[in-house]
Structure formats: structure tokens, C-alpha cells
There are 2 protein chains.
Amino acid sequence: MTEHADPATMPYRPRATLRDVAAMAGVSMKTVSRVVNGENGVTPQKVDAVRQAISRLDYRPNLSASALRRSSGRTAAIGTVLEDLANPFSSALLRAVEDVANEKRVLILAGSVDEDQQRERALVRAFTERRVDGLIVAPVGEDQGYLRAEMEAGTPLVFVDRQPQGLLADCVLSDNESGARQAVHRLADVGHRRIAYLGDLALIPTAEQRFAGYQRALLERGLPLDPAHVVHDLHTVDDAARATTALLRGLGDGNGPTAIFASQNLVTIGAITALQDLGLEDSVALIGFDDFPLADLLKPRVSVIAQNPSEMGRVAAELLFQRLDGDRGRPQRILLPTTTVLRGSGEIPPAVP
Amino acid sequence: MTEHADPATMPYRPRATLRDVAAMAGVSMKTVSRVVNGENGVTPQKVDAVRQAISRLDYRPNLSASALRRSSGRTAAIGTVLEDLANPFSSALLRAVEDVANEKRVLILAGSVDEDQQRERALVRAFTERRVDGLIVAPVGEDQGYLRAEMEAGTPLVFVDRQPQGLLADCVLSDNESGARQAVHRLADVGHRRIAYLGDLALIPTAEQRFAGYQRALLERGLPLDPAHVVHDLHTVDDAARATTALLRGLGDGNGPTAIFASQNLVTIGAITALQDLGLEDSVALIGFDDFPLADLLKPRVSVIAQNPSEMGRVAAELLFQRLDGDRGRPQRILLPTTTVLRGSGEIPPAVP
DNA sequence: ACGCAGCTTGACAATGTTGTCAACGGCGGC
DNA sequence: GCCGCCGTTGACAACATTGTCAAGCTGCGT
């Protein structure tokens, strides 16, 4: 057990500083600094002496102090404000950001907002107080104007998933409207004329855009927009399941929808749950917006309009680092295409009357 | 468009410091510091003047400088080293850590290691160089002794998911062996005598423990351990799918396994893919270790031994904060129980010969 | 008038680091 | 013998902030 240390009795050894290393190596602090930062102009003997002292003392440079003093002031960390680190969309995006940042040896501070404006602001504030070099934000509040001060201070800012309001800045978005339009067109292609819309909170811009795409496609196909087939403000699996059940139960014969467009991940899953409970999963068509793991193992396999959260994260991070490298060009608005993935559930034809 | 600022032409205004605020408010820096930190002993007029200057200058305190000077030296940030931020286990754990940290107004630095020892060390180093107040680590390397220096320096450390080696420290783990044992017992309960084991990389301690549980249960049931029914080192969905196919195809009639225990998330999914491809999903029983989203929407619904990553994160974070609050007790090893969730796939009986 | 207590306030040092610059000793060129 | 140059080195100030402490003020009691 000698290799095990017991914290209760573990000797407390405060962190060594440059000063300690310098004292042990018998050189000035500046010389240690030079060795640590790999600057040249130090004789090999001194380098050795310093190296030895460093490892003997388990010296770890203090990056905060370093950043404070350095002219650039860079902390080599960026902040990432996302909807919910536990959901697959956010976490895939985060991971992609991490991969880009990692190449630049930059760390990631991350936080979830859960659709809470207060939290968005609190997180941004906490990040900037730590002087992150840049921010990636999936905005949730109705106004991002409060971020102007950060931009003016030179902290680059890239928005993802949703367009910021009250501030012109780089952003990377899915082409929500076009994706939703595609979905409805595909359903119409197999003959559906009564296509329901199940949507997220109507005030979320992405939900709005997807609804716009839905409406546009109906118009293009000359299909009527039946208010009874439109449900907004579904935000959880249970919400969606209940709404789906209501929609299909309440069908005055021949008037119920024969296909469903679910405008979001959790809504899609809720709809599937309901369809399975009603035994209708093979008779009502379904296309969901946003892919999800295992969609292709369900029966029927679930057709989706896939977003690409990794790509979104990658592109956003790369944009951010371009800005950090000095790019002062006009702010960009990058629209990522969606992919229509037909797996089965979207190709179910309407029942012949 | 007046509310839109264009970064290309946006005025650059460097961040205001305490000094700037003090100058504008006509007081000393110390007084500003007092106001910012809510200390009392400042007349209301001065407080007002300072507040005004702060908002006029968009002053943001510099927490790095603050931490540097403060006696505690706390940075109000913790580092979290996980397997892969994009996988559901890691991200649920991270989210739970975030929730606990959030209450204490502590931020999270996060990174993925991808089974790479180098990366584990690099991340820990990067975190400690930023003087995080504590670390939560899902260790991947074979020796965590290198962390002793950090512990001695007073940085609390909690391991999750896997036990550290070469270092005695707090850790929070799932009861892998018992969970795996349960799984095999449940399969034996419905009559299976040829139960295959599909395992992750054998050198991962959790995989080892799960295999131990599998072996133990076989022993307890008096079932033979058939090497042909044991496959190790599966780490991806594809690996697992191939292995499953091979296992079931290669069945000399009457010798193939009638049930499968899949020791990990991705392996379970791979096995399901293969079973579906072979049309055997309703005839070969399956229990997977670790729950996954939508397991209860598949057909058959997938039985699992569920871990509780959120709970793991929550408990680990709380332990960490206890240590930060000064608890110097002996290091704890917390075993979280698993839950057996029988949904259908695990209750399929063996085909009658 | 004086001393003293209590509150407010600011000067100064310190945190751990790096940028600036001058000093050092040795050397070749005048 | 002196100048200037070289590579190396360290003294010092600075970064943004907070802890310490003494000075300043008011009002009170004597």
C-alpha cells in the first residue's frame, strides 16, 4: 500500500511559484520564466538546473497570473453557452467545438441555459469575468444587445442554432425553413393531404421558421392549413405524446391527419410513443425535425430532417478562431443545409378511404 | 438598423479596469473594490457614484486578477475530465455536475479524453495550470499516481466511473459486478443456459468487473463458461454488430447462445442492429449494461441494467464541494447500485429444442 | 479645549507572472 | 586602450485586484 497516499494524513505542500523554482535553481525569476516559455538565450546548464527544480517542486505555471501580465491577455479558454449539455444536440455541438479548440490548445468553459434568459446572461457574465477569449452562444433570450459591450471589448462572439436579436454578429444556423418545407413536401409526395404540425414553443425563432416552412410547403402544394392540425408550444416528450393522442383520437372520421410533421427531437419521440400506444405507428406517416440516436432501429424506422450539430459546432468554432486571429470582416450568417433522411416512417401512404 | 452594431466598424473600447472606474467616480480603487464585493463601510453617495461609473464603463471585474490576490485563491471553477462529452453517459454526468456547481456559483471546464492516457494528463495539467478549485476525473490511464502532486497542493479530486490506480482518493462508481451478475441471473431465470458475453476493451476496469459478474453468476447457476461465447474488446457499434453476427451465424446447430449479455451501451446497440439484420430480435434474449434513450421504444423493448450517470455526477460533485468546504476525512469509495429494467428483450425464453 | 471611539477612506504592499532595459564579461576592430 | 557588439542575466515595473493599516473625519463626553 505504499503507493497509496491517504488524503487525511497527506502532507500539505502549497504550490510552488516561479520564485521558489528560481530560489532552488539559483537563478532569477526571469530566467525561470524564459525556460518555462521556451525562450532562448539561456545557457544549457541553467536550463537543466531550472528543469530539475521544476520537477522537484512539481511546479505548475499559474496561467491566470501569466495571462494577467502578458500583453495579449489571452486566457486560452472560450465559453460555450448551450441549451442543455445533456441533450444530444448540445453535446454533439460542444464536442465539435472542443475538437477544434483542442487543436489550438484552448480549453472550454461550458454551461446550460435551459431556455432561461437570466441564466444566459449570468453565464455570459461569469465567462467574461474570467476573461474568456471568445464566446459561442446558443441564444435563448429575446434580446442579445447586452452583448455589445463584450464585442466592443474585443471578445469575439459566434451564435449558434438561433439567430441573435438586437445585435449583428456571426452566426451559424440550420436552414430550418427549407428543412421543414422538404419534410412536408415528402409527405405530400406519397399522397398525404392532411398533415399535422407539432411544434415547440412558438416564441423560439427556430420553431417559428420551421412552422413557416410547413406553411409554405402547404401553400406550394395547394393544401389547406387546418388550424385543428396545428399544435404549438410542445416542449417535452409528454406534452407531445398527449397532443398526438388528442389529435388522433379526436378525429371525426375522415378528418384526422394522416401524417405528422414533428418540429423537434423530443416532440418526435413523444409522437412515436403515442403512435405506438395507439397501435398506429404503421398507418400514420411521421417525419421529425432533427435526427436522434437509434432512429434507424425503431420500427418503422423514423424518417427525419437531419441537422448537423457537429458541423455547426465545428464551423462556429472555426469562425471564432478566425476572429481571434484578427479577421475583422463583416459578420457572417452561415446556413447549414439539412439532410432529408427517409427511413420508412415518412413514406407510409395515407390509408385509402 | 440603428440597434445593430457592425463589428467591422464597431468602436474598439478596451475593457475598463478598477482604476478607470475609480478615476471616473473620483474615489480610490479600494473603494471601488469594496463596492464591487459588497463590503460595507462605504457611504451611499460613493456607492452610487461607483455604480454609475461601473455601468457607464461596462466594467467587468477580472476574476483572474481577483483570485490571484485573494487569500483563498479560489477561482470558482472546477475541471471535469470525461470519456467523451458527446456520449450520453458523460453528458448526463456532466450536466449533473453542472447543476450542483451552479448552486455554488462555480463554473465548469470540461474536456474529453477518448480513452487516451496522454490526453487525460494533458487535460489535468491544463486545468491545474488554470488553478481550478477541484477536479472530477473519469480516469482512463493505468496509473493516476501523477495526480498526487495536485492533491498535495490541496486540489480536491473525485474520480468517477472508474477506480483510480496508484492513488487513494474519493471515487464514485457503479456496482458493475453486481449489475452484470443480476443480468445473467435474470437470463438464467427464464431458462437460458448458453449466455454470451459481449464486452468492451478488456483492459478497462469496468469491463473487467462486469465480466467478473458474468462469470460469478454462471458459477452460481452451475452453468459452464464457454470461451466460444465470450467476446472481448468491442468498442464500437460496428465491432459489436460484427461480433454478434459471427456468434450467431457460427452456431453449430444447438450450440449457439440463446441469450446475450452486452456489457456496454454501444455494444448493446450493435447487438440489436445485428439481431434485427438476422431477424432474430424476438428469439434471442438480450440484456445490456447501461440504459440508453429510446430503449423502451424499440421492438422488443430492450431490457437493461441501468446505471445512473446523473446520480454519479451529483454525488461526485457534492463530495468534491464537501472537500472544498474543508472535509479532511478518509477518502470514500461510493458504489452506486444499478437498476434492473426488464422491458421485454431480456425475458425472451430460449427456443424449445 | 482635549481625548477617544467609530466610521470612512485611501496609500501601500502583495499576489505570480512577463516585458523592458540595463549591466555583465568577453571579444574583435579601430 | 577604447568602443561597440555579442549572448546572457537579472532588477524593476507592470498587469488588476485585495489585505492591511493608518489617516482623516465626525461627534461624544470630559
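So that the names make sense, note that chain A is the first sequence line, chain B the second, and so on, each numbered from 1. If you're wondering where the values come from, they're calculated on a predicted model, not measured in any experiment.
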Exercise. Do B/Asp327 side-chain atoms and B/Gly329 backbone N/O form a donor-acceptor pair below 3.5 Å?
Worked result: yes

Seminar exercise, completed: Paired with B/Tyr146, the side-chain hydrogen bond (donor to acceptor under 3.5 Å, both in side chains) test is passed by just one of B/Arg125, B/Arg121, B/Glu120, namely B/Glu120

Problem set entry | A/Ser33 side-chain N/O to C/dT18 phosphate OP1/OP2 under 4.0 Å | yes

Problem set entry | Short side-chain N/O contact from A/Thr43 to OP1 or OP2 of D/dG7, under 4.0 Å | no

For this session: Measure the distance from CG on B/Leu68 to P on C/dG16 and round it to the nearest whole Å.
Result: 7 Å

Exercise. Looking only at atom types and distance, does a side-chain atom of B/Ser112 sit under 3.5 Å from a main-chain N or O of B/Leu85, one as donor and one as acceptor?
Worked result: yes

Exercise. Between the base of D/dG10 and the side chain of A/Arg34, is there a donor-acceptor distance below 3.5 Å?
Worked result: yes

For this session: Measure from CG on B/Leu63 to C1' on C/dT15 and round the result to the nearest Å.
Result: 15 Å

For this session: Can you check whether any acceptor in the base of D/dA14 is under 3.5 Å from a donor in the side chain of A/Arg69, or vice versa?
Result: yes

For this session: Quickly work out the A/Arg15 CZ to C/dT15 P distance and round it to whole Å.
Result: 17 Å

For this session: Calculate the interatomic distance between B/Asn40 atom CG and C/dG6 atom P; express it in whole Å.
Result: 15 Å

Exercise. Out of C/dG10, D/dG10, C/dT17, which nucleotide sits closest to the side chain of B/Ser28?
Worked result: C/dG10

For this session: Taking only the side-chain nitrogens and oxygens of A/Asn37, find out if one of them lies under 4.0 Å from OP1 or OP2 of C/dT18.
Result: yes

Problem set entry | B/Arg333 side chain to B/Gln163 backbone, donor-acceptor under 3.5 Å | no

Problem set entry | Euclidean distance, atom CE of residue B/Met29 to atom C1' of C/dC12 [Å, nearest integer] | 11 Å

For this session: Take atom CZ of B/Arg74 and atom P of D/dT18, then tell me their distance rounded to the nearest Å.
Result: 17 Å

Exercise. Can you check whether A/Thr31 has a side-chain N or O nearer than 4.0 Å to OP1 or OP2 of D/dT9?
Worked result: no

For this session: Taking B/Arg51 for its side chain and B/Val35 for its backbone only, find out whether a donor-acceptor pair lies under 3.5 Å.
Result: no

For this session: Select base, sugar-phosphate, or nothing to describe what B/Val36 touches, counting heavy atoms under 4.0 Å on all strands.
Result: nothing

Seminar exercise, completed: Comparing B/Lys30 with A/Ser66, nearest DNA chain C nucleotide closer to 5' gives the residue B/Lys30

Exercise. What integer distance in Å separates A/Glu39:CD from D/dG10:P?
Worked result: 14 Å

Exercise. What is the distance, rounded to the nearest whole Å, between atom CZ of B/Arg60 and atom P of D/dA16?
Worked result: 16 Å

